[in-house]
Structure formats: structure tokens, C-alpha cells
Amino acid sequence: MSITLNALLEQRSLHLSLVVEGAPGSLDTPISWVHSSESIDPTPYLEGGELLLLTGLLMPEGDPGEDFRLYVDRLAHCGIRGIGFGVGVHHAAIPEWLVRQCEASDVPLFSVPLEISFIAITKMISRGIADDKQQGFARLYRNQQQLLRSVHTLDPVSTIVSKTAELIGGWVALLNPAGTVTESSHRFLPIEMSALGDALTFSVLGEAKFVAMRGYDIAAFHIASPAGQTLGYLVAGYRGEKGTLDHPLVAQAAALLSLAISSSADASRALGRLRAAMMRQCLEGGAELVRPYASDLWDGMPAEPLTVLRVTGEQEALETAQRLFEPFRKSLAKNMNPAVFGMIESDLWVVVSQSNAAEWVEGLLRDSRVIVGQSSGCIWRDLPRARHEAYQAASEAMTSGMQSLRYGQREGAGSLENMVEPSKMRAFADLKLAPISSLIFNLAVGPHGGRGDGGKAAVQPDDWTEPDGMSLHAVDVLRTWLECRGKAEEVARTLGIHRHTVTKYMAQIAKALSVDISDPQTVAELWFACKFTRFPEKN
């Protein structure tokens, strides 16, 4: 603990008496050193923070005169911590004018009895400063040991960042070489990294810069690999004056990060693959097989009831989203149940407790590049069903232009056209109906499929014009048949042809498509195909 004037006054062996208390808190301000001087103006020999000892050898008893009129005022501006006056040497008591000046300038003043030598006070302050340095070294060593233990966690980079912030009592951010924040101790940082400007411009490998901004003491370290490759930048801040931040500790964190970033790439990929495999096992109903490994992979498993989230979007956005769920980032996971997550087939899948699913989704949606599909509530053994719901919800959100959707939230949710991308449905429809795309029925002759049909009049799509009442496109016949639910008489009335002709046309269509039109699945596929197809093209 730093030596202060209060600590000095509490030493009974010194028998010191406080005369002027000074400004509030000044008695608890650390003393940097002690100096003895009888000079009229000792300020040229002071740096600030010292305790001044004197006996008043040159001081008058009554009026201070011109020489001593601003004596205490000059010392106050110099940053003196207090004045110790030795009584009984040249003055029986402290001169009244000196007391009044100390009161006016808020400078502490205390008396030193004749039997106490100044060297005793000097030794006491010297021991206090030495003890403070020893405690500082011990504290630095303990903090360094905690940082070193961070290297051996599953995610050392994230752990080093959060542990450094905890030890310095401030905030820490890790930036990639492009200047983008990749890890941070807090969700919101009090300083925009872009505002640091030149502090993040380094010309020397492993350089460090120190600035004060918006009430924070900030240190920025350039992180380089042993081979000299730029790995990123470590920025740390502490609320206070410049120099109050624990710079040595931040410097060690930067050194550890240079090693951790270099060596953790392979480990991170392996961890990601293991999480993906275990996540897939959970979604397939094998959560109990995964539970023994959950504490190592995700810091535990969330409590039931659960919600499954499917997060899809750009790869970079998904990597950012995945870091949100890292269990080692205590500032984000605090007061929340753990999240089980993993990348499967270019999507991020997450299982969270239903009670805090809204908080996780809110965090995800801050990035406009991701789309989130949410399942309804479930338990662990019901995850296969919830996975299906989350998949459908995300698909429908994509096609409807929404960023997030909960299963069953919208009216008409779950319809096929709302969950399948229109371009994919169009491709399916065109492929399904391609065999009859050129089939046109001439009401005067009958069905024809193209040239080379034995000399019968055939009409190709290139030759097709607006119907003149004597031609029907096969796709239109099929569409009408489906809309009339296969009732030949209703189709005949709609198209204005005989019902037996309808039967013949449908037989021809079924043969061309190689399908059984009495099969319900086939009928459903043909219905969607007719709805989304570009046939017949009428140019």
C-alpha cells in the first residue's frame, strides 16, 4: 500500500501533530518522496508529490515579508503533499502566517517535535515506498500467472482478452490486421476504434503507443508473430489520467496473444469440427450421448425448455455470430444459460434455453447480414422436430424478406412457396414440365408432339401464336385438369371440348411425362409445377 500522510501521522513513535488538514483527500494521497529545505523558494528542487520538511531557519516570526508572502502558494502549484515543521529548533511554535497560508492554499501542515529527527521521517517514507514497490511486484507476478493460465484454455485468445480486462479493471479489444474488432471484453466499448487514428498506425514491429482520450488512459500494442507477420492490435483502456493503466500487464498480454493467435488456428478448426459433430448428434436426438462432453465444448448445456436457432447468411457474418456464443466471453454469457452451437452445412445451429432465446436473437440481429429461424419450444429428445421447424422458419424468412421468424409466427407459415426460393421452384417446374413444353393439341386433328410424327400437322413452340379457338397447349390442359380436381366433365366445360377428348389428352400428357396421374404425390408436384412454370412461352 502506498505511503500517505495519514499513514505517517498514525505512526505513534513519530509523535506528529496535524495542524492544517488541507484539501479533502489530500491526507490519503500517496507521497512520492521526502525533501528537506530551508530555502526561500525550494520549488526548483521539487518534482511534485514530495513531503517538505523544514525548521523555519530563514522564516520571520511575525510578518512574512515580501520573500515569504507567496511561499505556500508556490509549493501548492508545485504539487507538494504537505509540510512538516520542526518546532523547538528556531521557532517554539509554527508561525501563524505559515498556518494561514496553508489553510488558504489547502496544503496539509503538521508539526514535528524536537526529539524526532527528520531522518526518522525520511526512513519511514523510504520503507513505505519500498514496501509499495514490493507489493506492486507481487501483484504483477500474480496477475502474470493468471494470464499464463489463460493460454491453456480451449479458446486462449478470447480468454486472454477477457482476463486482461478483468485484471486491469478496464476494457480490452483485439483487432485484426484490417483494424476490425474480433474479440472484446465488453459488448459495447466506450471508445470507437476508428477514433484512435494515428495511435493504431505502427511503423515499427511490436511498437506500442499510449494516449489519453475521453477520460481513459489507453495503450495500443502491435501484435506480431515470431516470424514478423502482423497478427493484429491489442487496445486496452482504463478510466483515469494518462499513466494509470497497468502497462506492463497489457504488454505481457500482447506477447501472449502473439503466441496464442499463431498456434490456435489449428486448434480452433479442430474445436469447430468437434462442436459441429456434437451439434449434429444433438439435432438427431442423441443429446444424452453429448452431455458428458458439453462442459468442455460449450461450458455446459442449456436448461429445458429449449429453442433451436438456425442462423444463415454470409460466411463472415456467421463467424461473427458464432463468437457471440463463446462461453469464455464472460461479459456476454454472464447471467445466461450456456448455448450449444456448431456449424452444419454452411449454417450456424444453436440450442438455447427458451427463457433467454429473445436475448440471443436480439444480439444476432444486430448484424443485418444474418437471418434467424426459431423453433417452437422443445426438450432435448424432441430436437429433431425443432430442427425441422427452425429450418423451415429460416427458409420462409429468406423468401419473405424478413431477418428473423419464429415457426408458426406468420399467417400461412409453412406453405411450400413461402419456404422455397422462387428461382428454385421455377427451375423445378420447368424441368418437371419440359416433356410437354412443345406439345400442342389441334382440336381439328388431335394431339401432336412435333415434326416427324408421320406427316400429321404439328405445331412447334416457335410457330405457336395466340389460340384461334382450334389449338390448346398441353400445359394449359394439365393446369385446367388440376384446377378442376381431375373431373373430366368440368374440364370439358371449361375448355369447350368433349369429355372423351379430355381423357385422350390427359392420357397423352401422362405418357409424355411418364407419370401416373392418379398418384396423389404426382398430382401435388404437377400442381406446383403448373403454378410456377414459364411454359407456355408466347412470344
(request) Start with the C-alpha gap between D516 and T522, add the side-chain angles, then the distance that decides, and say whether side-chain hydrogen bond (donor to acceptor under 3.5 Å, both in side chains) holds. (result) CA-CA 7 Å; D516 178 5; T522 299; over 6 Å; no
(request) Evaluate the criterion side chain to side chain contact (heavy atoms under 4.5 Å, CB included) for residue pair W298 and F325; output intermediate values, then yes/no. (result) CA-CA 9 Å; W298 305 289; F325 294 96; over 6 Å; no
(message) Is there a side chain to side chain contact (heavy atoms under 4.5 Å, CB included) between F441 and I509? Walk through the geometry before answering.
(response) CA-CA 10 Å; F441 299 117; I509 291 172; 4.0 Å; yes
(message) Is there a side-chain hydrogen bond (donor to acceptor under 3.5 Å, both in side chains) between Q403 and S368? Walk through the geometry before answering.
(response) CA-CA 7 Å; Q403 193 183 1; S368 60; 5.8 Å; no
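Among all heavy-atom pairs drawn from R280 and R387, the shortest one is NH1-NH2, 4.5 Å. For the pair L245 and D217, the tightest heavy-atom approach, listed with the atom from each and the gap, is N-OD2, 2.8 Å. The minimum heavy-atom distance linking S471 with I440 is given by the pair CB-CG2, 4.2 Å.
You'll find the side chain of R479 stays beyond 4.5 Å of the side chain of W527, heavy atoms only. For the pair H247 and V250, the minimum side-chain heavy-atom distance is 4.5 Å or more. M506 is not listed as a side-chain neighbour of T503, based on a closest heavy-atom distance of 4.5 Å or more.
Rounded to the nearest 0.5 Å, atoms OG (S258) and CZ (F221) are 12.0 Å apart. Distance check: L526 CG to L513 CG gives 6.0 Å after rounding to the nearest 0.5 Å. A distance of 4.5 Å separates CG of L433 from OG1 of T533, quoted to the nearest 0.5 Å. From K163, atom NZ reaches atom OG of S158 across 12.0 Å, with rounding to the nearest 0.5 Å. Put simply, CE on M213 and CD on E192 are 11.0 Å apart, with the number rounded to the nearest 0.5 Å. Between the CG atom in L309 and the CH2 atom in W360 there is a gap of 10.0 Å [rounded to 0.5 Å].
No more than 12 heavy-atom neighbours from other residues, nucleotides or ligands sit within 6.0 angstrom of OH on Y391. Remark: H388 NE2 is loosely packed, at most 12 non-hydrogen atoms of other residues, nucleotides or ligands lying under 6.0 Å away. Within a 6.0 Å sphere centred on CD of E316, other residues, nucleotides and ligands contribute 12 heavy atoms or fewer.
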Give every donor-acceptor pair under 3.5 Å between a side-chain atom in residues 485-493 and any protein atom, sequence neighbours left out.
none

When the side chains of residues 339-354 are checked against the rest of the protein, which donor-acceptor pairs come out under 3.5 Å, sequence neighbours left out?
from	atom 1	to	atom 2	distance (Å)
D347	OD1	T312	OG1	2.9
D347	OD2	R310	NE	2.9
D347	OD2	R310	NH2	3.1
S353	OG	A303	N	2.9
S353	OG	A303	O	2.7
S353	OG	N337	ND2	3.1

Under 3.5 Å, which donor-acceptor pairs do the side chains of residues 170-181 form with other protein atoms, sequence neighbours left out?
from	atom 1	to	atom 2	distance (Å)
N176	OD1	A178	N	3.0
N176	OD1	G179	N	3.0
N176	OD1	T180	N	2.9

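Checked against side chain to side chain contact (heavy atoms under 4.5 Å, CB included), E362 has the following partners two or more places apart in sequence or in another chain: R366. For E241, there are no side-chain hydrogen bond (donor to acceptor under 3.5 Å, both in side chains) partners two or more places apart in sequence or in a different chain. In this structure, the side chain to side chain contact (heavy atoms under 4.5 Å, CB included) partners of E389, at least two apart in sequence or on a different chain, are S375, S376, R385, Y407.
Although no hydrogens or angles enter the test, the distance criterion places a donor-acceptor pair under 3.5 Å between the side chain of E304 and the main chain of W380.
Exactly one of I371, V361, L318 qualifies for a side chain to side chain contact (heavy atoms under 4.5 Å, CB included) with V311. That residue is L318.
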